[in-house]
Amino acid sequence: YYVPKIYCRGPNPAPQREDLLAQHVLLGPMEWYLCGEDPAFGFPKLEQANKPSHLCGRVFKVGEPTYSCRDCAVDPTCVLCMECFLGSIHREHRYRMTTSGGGGFCDCGDTEAWKEGPYCQKHELNTSETAEEEDPLVHLPEDMVVRAYNIFAITFKYAVDILTWEKENELPGLEMIEKSDTYYCMLFNDEVHTYEQVIYTLQKAVNCTQKEAIGFATTVDRDGRRSVRYGDFQYCDQAKSVIVRNTSRQTKPLKVQVMHSSIVAHQSFGLKLLTWLGSVIGYSDGLRRILCQVGLQEGPDGENSSLVDKLMLYDSKLWKGARNVYHQLFMSSLLMDLKYKKLFAIRFARNYRQLQRDYMEDDHERAVSVAALSVQLFTVPTLARMLITEENLMTTIIKTFMDHLRHRDIQGRFQFERYTALQAFKFRRVQSLIVDLKYVLISKPTEWSDDLRHKFLEGFDAFLELLKCMQGMDPITRQVGQHIEMEPEWEAAFTLQMKLTLVISMMQDWCALDEKVLIEAYKKCLTVLMQCHSGFTDGEQPIVLSMCGHSVETIRYCVSQEKVSIHLPVSRLLAGLHVLLSKTEVAYKFPELLPLSELSPPMLIEHPLRCLVLCAQVHAGMWRRNGFSLVNQIYYYHNVKCRREMFDKDIVMLQTGVSMMDPNHFLMIMLSRFELYQIFSTPDYGKRFSTENTNKDVVQQNNTLIEEMLYLIIMIVGERFSPGIGQVNATDEIKREIIHQLSIRPMAHSELVKALPEDENRETGMESVIEEVACFKKPGLTGRGLYELKPECARNFNLYFYHFSRAEQSKAEEAQRKLKRQNREDTALPPPALPPFCPLFASLVNILQSDVMLCIMGTILQWAVEHNGYAWSESMLQRVLHLLGMALQEEKQHLENLSEENVVTFTFTQKISRPGEAPNNSPSILAMLETLQNASHLEVHKDMIRWILKTFNTIKKLRESSSTSPVAETEGNIMEESSRDKDKAERKRKAEIARLRREKIMAQMSEMQRHFINENKELFQQTLEELDTSTSGVHENSPVISDAKLTALGPEQTRVAEHRQVVMCILCQEEQEVKVDSRAMVLAAFIQRSTVLSKNRNKITPDPEKYDPLFMHPDLSCGTHTGSCGHIMHAHCWQRYFDAVQAKEQRRQQRLRVHTSYDVENGEFLCPLCECLSNTVIPLLPPPRVLFNRLDFSGQPNLTQWIKTISQQIKRMYLLRDEDSNSGNSEKMDQLQLPEGFRPDFKPKNPYSESIKEMLTTFGTATYKVGLKVHPNEEDPRVPIMCWGSCAYTIQTIERILADEDKPLFGHLPCRQDDCLTSLTRFAAAHWTVSSLPAVQAHFCTLLASLVPNEKNGNLPCILDIDMFHLLVSLVLSFPAIHCQDFSGVSLGTGDLHLFHLVTMAHIIQILLTSSTEENGMDQENTNSEEEVAVLTLYKFLCQCTGSALKEISSGWHLWRNLKAGIMPFLRCSALFFHYLNGVPAPSEIQVNGTNQFEHLCSYLSLPNNLTCLFQENSEILNTLIESWCSNSEVKRYLEGKRHAISYARESNKLIDLPDDYSCLINQASNFSCPKSGGDKSRAPTLCLVCGTMLCSQSYCCQTELEGEDVGACTAHTYTCGSGVGIFLRVRECQVLFLAGKTKGCFYPPPYLDDYGETDQGLRRGNPLHLCKERFKKIQRLWQQHSITEEIGHAQEANQTLVGIDWQHL
Ligand SMILES: [Zn+2]
Ligand SMILES: [Zn+2]
Ligand SMILES: [Zn+2]
Ligand SMILES: [Zn+2]
Ligand SMILES: [Zn+2]
Ligand SMILES: [Zn+2]
Ligand SMILES: [Zn+2]
């Protein structure tokens, strides 16, 4: 009764209020009743009395990391939660981590899940006491048991009833419906409609905003349903019809229901109750058992009427949220109680058919279907076996599967052609049944009961029925004449095959475990195969083949004319079982038990042979007209995913066949199937054939077919590395695979894993053998770790390894020959020695010495000897030679293993020495080989022929030695030895000749080169210059004035001789000198806003239109960085290039509507030479200072005088300006003396050529546009400020990079940066000439006023809020605007020096004011040097000025140390600045790291080593200045502790610290929930590597609006954190993400590597990952160097698909 009152109020749910009320009114009383006392005491008591379970059972959240152990887990579905994992022994094992998709629980404590260490430390504690069979109810008081029964029975039933309630507007009992009642319009989730469709429809149907619609859609997606309208019936019904109408057009409509509000309320409460039950049983195992009993108790309606059954069977009708809740309850109750887990498993198995049928109809994903619980039940070995024997589960699953694939052809085979969308959907779903089957089979029985045998074989029968439906499916016929019209459907059949591959293998594994089962299964399989083949010879006329005195009867069948199918699972299963039989003893001891007599070898081989012939014919190009579907099928037939149960087994079947029949007969049938019988059975056919037949295609075809057939014979004889065929074990097989993979080239771990077939545990077995055959090579900064084949393994290399693709084969051949040449061995690649066959297959080798084989080989050799016409090919010969080699190896081994009583039956050597019989009288094979050895056209094969002949001789000697005395043998060896020596000597001689010849050629070459260079000197010079782009002459070409002291500025500035600077345009290859009056040369450049140096990432960006950038705040929150690739062009060449790019781009965008990696509209282009992203150009200029430094008198004013003069000049200027606006001010003018030589009316002449001026404006405007994010306006007075700022900021970033990497200031800058800084500084210094003089003068005045106050400029930032280096650069670069009007004879250099000193002093005060020195701790030397005394004095003066608000510091040593450290970055920046401005080379001392850097810097910058001397020298004016600085109100507030200020030296920014173990990050991310949708787990948690913020990326919930567009959380974050550039780590994908702006982005390899030196992007492999510090540093360097955008540009150019990704929504 209370329920609706609580749960149905209004259109929107208010979960918190509802929960509170429900707890209070409804649940609370029940808890009281249950406990019989206050639950606050009752529950803890219960918990204490409970013997906690030794099972963990933690249910995984989405994205939570899970761990499995590759060494100990019984199957890959056994997982641990992070907590358990960290406390388990598996930490030290080869574990695998994955992120959970939600659902499933921790298997810690489950002894059946782990071969070793089933408990973690925490759960181990609980094992000792718990006796398995103990009834947990004994721990509960009896009255409580009764109460629990009551309450659980009622509540559980209530919940189940209401959830399974089907009527829309009627209630179970209780209430009546009234007209005035309220209703909900309920929208349900499905998998058909997209987010966008739902959002769009909702907006239309219920008239809501887009935001609300997104909210609805998100909830629907998450919970499975959401009410979208609340009100009376009609109101809701109307919305329903709109939604249905709107979505029914394309697909089936969205599911909408109008529901009575009371029903919705009760359902909500029902769910609440289930959750509550789940939490209550968490207190006690006893309560849990009671709930299980209640749940499984059979109801009044008999079978399937228990509450659990009801829920399960109703599953597909429930919405997602409800399913999740009750699944969780099942997991925490039924699955946690061992006794009831079993009972539940039985219920589940009995309902299996029905559940699967429901699942097929259901449109929800499997994860939220109850069917998905199969993994929890079937993978428990005891349960699985119990279900097989008692519930016949195997048969049930297979039969259910068959039921759902009804579409068959006339022969009863599956038919996938013309599937409807619905059938395709069902086909996808039905595949999960195969997975279930796999689960059941995963753990193999250790003991067999008769029952198990019986039920397994029953299941096997069903399985054979299934395979029978696949045998021969999708048959194809060769298309002649016309190309097929439509590619036939083939994928479904292969999907099925692929999914079944593991199951087929597992079936065989099960059979292998028990002889009785194996024999039975073998018989059954054979019977089914016979059924499949019945009617196989019907209506065919048998034909007789005869060759070399043998003849055989077979049917007439041509692959190229009749139907053939690739799908032969029954034959292949039989082949597999046959091999297993060969391993057992029964096969030899009691052959009568086997149905061997029933076998008809020709019948067995027929279909596999047809399939292999098909492959050969496809390869020979005979099936071209059948299209790509066939090519794909052949590909998959050989592919590692399928081959184990396809191609491999076909070979086995042929081997089986040959071992049971006369090899001559086999070969003839084979020739006939290959349609080559005519060629070899008719003498001289080849000769006639080649002369008569002029159709080259047919000849070519036949050649290929012969090659393929020879290859097949090689495989049949040579492939004996499967246990059961050859005498080998499983590791030999894997070893061989790995050796052959690595013969192609060294490979990474993951590549190898991919090349090897996996077993049901997703293991390849590689780990156990890899060390034996390969060495590991660690990766560098890029790339990955590689395995390299050990040299001694190369002798096991088989060129005709059957798993090589054709491309791999030729690569391997080349690699191996190259290796042999390097080792100076002969290049023959003879067949390796092979292990002997198992007895069942032993007779197979005779195929090599059979008459037909000898005839085939002889014929081909004959062709080669005669070598006229094109009826033979070299690969044919190569294969014959290989076969000869194999036969010789075989004979040699036979002889070596000779025992007394055995007679060697393998007499190949004798046979090949025998000449052919009459009438041919052909020479013997041996004789032909000897002839071929000298044939000139067979150079490549000579080594191989020689090897064969040598082996032949060895065998001959072996044969002789076995009959004669051992002396002969040694003699033979010696002979052999000497011949080998001779061989060697010959080889050496040849090598020597070759070396001499090489040297001669080299000499000739270099002579030619020299000649060429002389002739083309100019051209050569150019290329050199191109290579070394640093063309600026100053510091490279200047003869360093070595002894003199180098000074960068001031009147003492070292004079540097001027240089001609000649550069070349990369576009027109013309050279030009950089001169003031010539055409402009420019560098491609990229300007970007940067926060790399920011000390305050939360700063709100001010309105760009009004923002005054004159003073840079010392937090450097946003600067303008300029970079360049250093490539030089003519300004006009660049302009032409850019115009062309623009035009092309416009055309392209119109046509294709695709974006490029660069945004032309924003002025972006790619450097024409290196494709580096650029958005403007910097002009190249000669040193600008020289142009204006016209007077250089001695006797310059000192700082005090200079400041006075300047102040006067400024005053004068202001007056003049006032006069302009207000002409009545002339008396004031007169009062003020015009400073001597100052001519404010003088307008300086601009020295630059027009084209340079234009470029100055271009670059200035670009800096302004990008730096402020405004529209370009070259008139804006802020343009020059931005230019100076960019110059200052760029220098600062470079200084930081050098400092961080501990590199000296000069001498280590890459050319491109050096060029860029030179041009940038010179440009910034020249820019004032193209801007308005008064504006620049005004800037200078304001800047200066911040240090030297005047009455005109009030309200300037205090010195704590000014970045002094930016101030210095702006002051120095704007000063010429004043100076150009000063003809008093004061040099520009003097001004620079004074400005520098002034700013330096201000910076010192800044440092002293903000230093936070603690006096303790440091050991101080008691030296009391001059500097220390002086700085202490200065500090005391500061204390005076600030009214003693400054902290008392008595240690001059500390102060001086602090000051030195604090001012270093400033001095270093200044040194760079003046170096580039004035072109004075850096003294060699600061080009290297070393001591006394500080002193050398001071001297270069003409500063006294004791910086405080500056104050003493100028105390006259400075005392006043300091007082004025300190009296600023902001400074006072700071000193009073009311505000914060930056202190020095500023630390460099770094990317955040990352943990060493990647799983820490995964865990962190799984605990992160979306900040916007209230506690929901984020789907794509993404970590900002700059500031460490975790974001909810790629999701609707966290989209925000930015500049009028919706953007994802990452893009939004980049705007605040990185001014548009961002570096993120996508935690679930283990991938670094670079973003720049809204449209640019790329992925970058993460800095985490596994033990094999590989990254794991996408976390697919799941190996443990650890941080690679070097790689992380590399990313950090990219960031610090501002190369992220460039990196993205390169990535996008290289991979066009990146351009299309919707970066802005990430
Ligand atoms: Zn756990
Ligand atoms: Zn545990
Ligand atoms: Zn382990
Ligand atoms: Zn040019
Ligand atoms: Zn370039
Ligand atoms: Zn979110
Ligand atoms: Zn950030």
Side-chain angles (χ1 to χ4, degrees), residues 52-61 64-69 72-73 77-91 95 97-98 100 103-114 116-128 130 282 331-332 335-336 376 1089-1099 1101 1117-1118 1549-1554 1559 1563 1566 1568 1571 1581-1593 1598 1600 1607-1627 1632-1636 1675-1676 1679 1684 1706:
S53 163
H54 53 269
L55 291 170
C56 171
R58 179 193 165 95
V59 178
F60 294 121
K61 293 173 286 188
E64 190 172 336
T66 63
Y67 297 83
S68 183
C69 180
C72 316
T77 64
C78 301
V79 286
L80 291 176
C81 67
M82 177 140 180
E83 198 189 330
C84 290
F85 170 72
L86 291 178
S88 72
I89 56 166
H90 312 294
R91 246 192 119 163
Y95 65 88
M97 59 178 185
T98 30
S100 167
F105 55 82
C106 175
D107 287 312
C108 181
D110 184 350
T111 42
E112 285 197 68
W114 308 96
E116 210 185 310
Y119 305 105
C120 70
Q121 284 162 359
K122 181 178 143 205
H123 293 110
E124 178 133 53
L125 294 175
N126 308 329
T127 54
S128 47
T130 344
M331 279 196 250
S332 56
L335 295 183
M336 291 291 289
Q376 308 296 351
R1089 280 156 69 85
S1090 153
T1091 60
V1092 171
L1093 298 180
S1094 172
K1095 287 288 159 199
N1096 179 9
R1097 291 190 188 280
N1098 302 318
K1099 209 167 193 173
T1101 21
S1117 62
C1118 183
N1549 287 330
K1550 299 218 157 62
L1551 295 181
I1552 56 163
D1553 285 329
L1554 288 176
S1559 53
N1563 205 38
S1566 74
F1568 166 74
T1582 301
L1583 184 69
C1584 173
L1585 291 180
V1586 174
C1587 67
T1589 312
M1590 188 74 84
L1591 301 162
C1592 168
S1593 165
C1598 286
T1600 46
V1607 296
C1610 284
T1611 309
H1613 182 76
T1614 58
Y1615 277 74
T1616 54
C1617 173
S1619 66
V1621 176
I1623 306 172
F1624 300 94
L1625 184 67
R1626 287 161 65 86
V1627 181
V1632 169
L1633 166 71
F1634 289 162
L1635 283 182
I1675 295 175
Q1676 174 159 300
W1679 175 63
I1684 299 294
L1706 289 185

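Counting starts at 1 for both ligands and their atoms, in listed order. All values derive from a computational prediction rather than experimental measurement. If you read the sequence from its start, that first residue is 1, and numbering goes on from there.
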**Complete:** CG (Leu1635) and OG (Ser1593) are apart, to the nearest 0.5 Å, by 8.0 Å
**Request:** Say whether Tyr119 and Ser88, considering side chains only, have a donor N or O and an acceptor N or O under 3.5 Å apart.
**Result:** no
**Prompt:** Does Cys106 bring an N, O or S atom to within less than 2.8 Å of the Zn ion (ligand 1)?
**Reply:** yes
**Prompt:** Among Ile1623, Leu1706, Leu1585, Leu1625, which residue meets the side-chain contact (heavy atoms from CB on, under 4.5 Å) test with Leu1633?
**Reply:** Leu1706
**Fill in**
Here the vertex angle at the Zn ion (ligand 7) for SG of Cys1587 and NE2 of His1613, given to 10°, is 110°
**Fill in**
Per residue His123, nearest N, O or S atom to the Zn ion (ligand 2) is named ND1
**Item:** Presence of N, O or S from Cys56 under 2.8 Å of the Zn ion (ligand 1)
**Value:** yes
**Cys108 SG and Cys84 SG subtending at the Zn ion (ligand 2) (10° steps)** = 110°
**Asked** Roughly, to 10 degrees, what angle do Cys1617 atom SG and Cys1584 atom SG form around the Zn ion (ligand 7)?
**Response** 110°
**Electrostatic pair Arg58:Glu64 at N-O distance under 4.0 angstrom** = yes
**Item:** Near-ring test Phe105/Phe60, centroid separation under 6.0 angstrom
**Value:** no
**Asked** Of the options Val1621, Thr1614, Ile1684, which is the one that meets Phe1634 in a side-chain contact (heavy atoms from CB on, under 4.5 Å)?
**Response** Ile1684
**Request:** Examine all N, O or S atoms of Cys81, backbone included, and report whether one is under 2.8 Å from the Zn ion (ligand 2).
**Result:** no
